[in-house]
Amino acid sequence: MKNRLRVLRAERNWTQATLAEQLEVSRQTMNAIETGKYDPALPLAFKIARLFGMTIEDVFDPDAPTT
Amino acid sequence: MVNTQNNESERMTLWQTICAGSGTAADRRNQKWFVAWTFAWAATFVVASWVLKNHREAIGVGGWALALLPNIFAIGAMLAYLKFLRNADELLRRIQLEGLAIGFGTGIIFAIGYQLLERAGAPTLAVDDFMLVLCGGWVAGQLTATWRYR
């Protein structure tokens with residue numbers, strides 16, 4: 001699934017490690033989600049969306065194919 | 001323009017991933033407990049095995065207790081692994097699950113498939129050899145899953 005995580009993170013000048021720490025996940029998990037290799041479970045997707053002050057649909061796009 | 005690279009490579013190498021350690025600090029702490037119990041199991045197994053081989057008559061019925069002693073640490077290792085898995089970071093849990101699936105699958109295929117090879121003339125293997133294949137498959141499965149999600 002495609003997502004806007006990299007852009008949202010970069011807009012805030014956060015590193016993957018910073019974001020991972022805030023979400024209480026590993027940097028590997030953050031990296032895998034960002035690159036579209038791994039889709040997070042619903043609780044983590046909600047946590048991500050809330051952290052950016054958005055809805056899940058604003059962060060993740062289930063219709064767009066992963067590049 | 002937003003710098004999406006943010007001074008980090010987009011893709012972590014397998015080596016980076018292994019060095020960074022999969023999972024969170026809590027996962028690494030739980031993993032250390034699992035490793036500690038496993039080492040204790042291995043150490044007591046080696047000691048018990050040596051004593052039972054060389055001094056079985058001297059210890060008498062205590063041999064039964066000694067033979068069962070490593071299992072306490074084995075159960076400890078199993079419970080530590082369960083705790084690690086239940087509390088693991090969700091990607092790490094998936095990696096472990098894939099590792100277990102590949103390890104279990106490899107072990108079963110080898111154990112069943114080798115029976116036919118034995119009938120065809122291959123040397124008879126001990127249970128330990130099948131366990132080695134199973135554990136090797138588990139490690140290989142974890143590495144391939146880590147590589148896939150790097």
Side-chain angles (χ1 to χ4, degrees), chain A, chain B residues 1-35 80-81 83-102 138-150:
Chain A
M1 195 190 317
K2 208 168 180 180
N3 65 72
R4 297 178 54 222
L5 263 183
R6 179 169 294 137
V7 174
L8 294 170
R9 174 173 66 79
E11 279 172 357
R12 286 153 182 81
N13 212 23
W14 289 343
T15 61
Q16 279 183 348
T18 313
L19 185 56
E21 202 179 323
Q22 292 185 76
L23 295 165
E24 296 171 311
V25 295
S26 67
R27 196 200 139 196
Q28 190 192 3
T29 301
M30 218 54 258
N31 189 66
I33 295 171
E34 248 187 36
T35 51
K37 290 185 175 174
Y38 173 71
D39 295 329
L42 209 48
L44 181 56
F46 269 114
K47 220 170 169 181
I48 292 168
R50 280 188 189 140
L51 184 69
F52 289 112
M54 296 174 164
T55 62
I56 289 179
E57 292 90 335
D58 291 333
V59 183
F60 297 95
D61 184 0
D63 299 321
T66 307
T67 49
Chain B
M1 187 182 167
V2 174
N3 174 19
T4 55
Q5 294 294 316
N6 214 2
N7 296 325
E8 285 178 292
S9 61
E10 282 185 41
R11 176 181 282 191
M12 291 167 82
T13 63
L14 182 62
W15 185 242
Q16 273 178 322
T17 309
I18 291 168
C19 288
S22 292
T24 61
D27 294 332
R28 284 192 288 278
R29 201 168 43 245
N30 288 335
Q31 211 163 16
K32 276 177 195 165
W33 275 110
F34 168 62
V35 171
Y81 184 74
K83 186 187 175 190
F84 160 70
L85 206 58
R86 283 177 182 150
N87 298 303
D89 170 88
E90 59 180 67
L91 178 62
L92 180 60
R93 205 179 304 143
R94 178 175 284 202
I95 288 171
Q96 286 295 320
L97 186 68
E98 289 187 21
L100 287 169
I102 291 172
W138 179 34
V139 171
Q142 285 181 60
L143 285 174
T144 50
T146 303
W147 174 259
R148 183 183 308 157
Y149 297 114
R150 75 196 186 281

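Order of the sequence lines sets the chain letters (A, B, ...), proteins ahead of strands, with each chain counted from 1.
Taking the salt bridge (Lys or Arg N to Asp or Glu O under 4.0 Å) definition, one finds that Glu98(B) meets it with Arg148(B), sequence neighbours left out. Qualifying ring-ring contact (aromatic ring centres under 6.0 Å, His included) partners for Phe60(A), counting only residues two or more places apart in sequence or in other chains: none.
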Residues Gln28(A), Leu92(B); criterion side-chain contact (heavy atoms from CB on, under 4.5 Å); working and verdict: CA-CA 9 Å; Gln28(A) 190 192 3; Leu92(B) 180 60; 5.7 Å; no

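Of the atoms belonging to Glu24(A), it is backbone heavy atoms, and not side-chain ones, that fall under 4.5 Å from chain B.
For the salt bridge (charged side-chain N to carboxylate O under 4.0 Å, His left out) condition, no pair includes a residue of residues 84-95 of chain B, sequence neighbours left out.
Under a cut-off of 6.0 angstrom, the local environment of CZ in Arg29(B) is sparse, with at most 12 non-hydrogen atoms contributed by other residues, nucleotides or ligands.
Against chain B, the residues from residues 40-49 of chain A that qualify, each with a non-hydrogen atom under 4.5 angstrom away, are Pro40(A), Ala41(A), Leu44(A) in number order.
Once rounded to the nearest 0.5 Å, the distance linking OH of Tyr149(B) with OG1 of Thr29(A) reads 11.0 Å.
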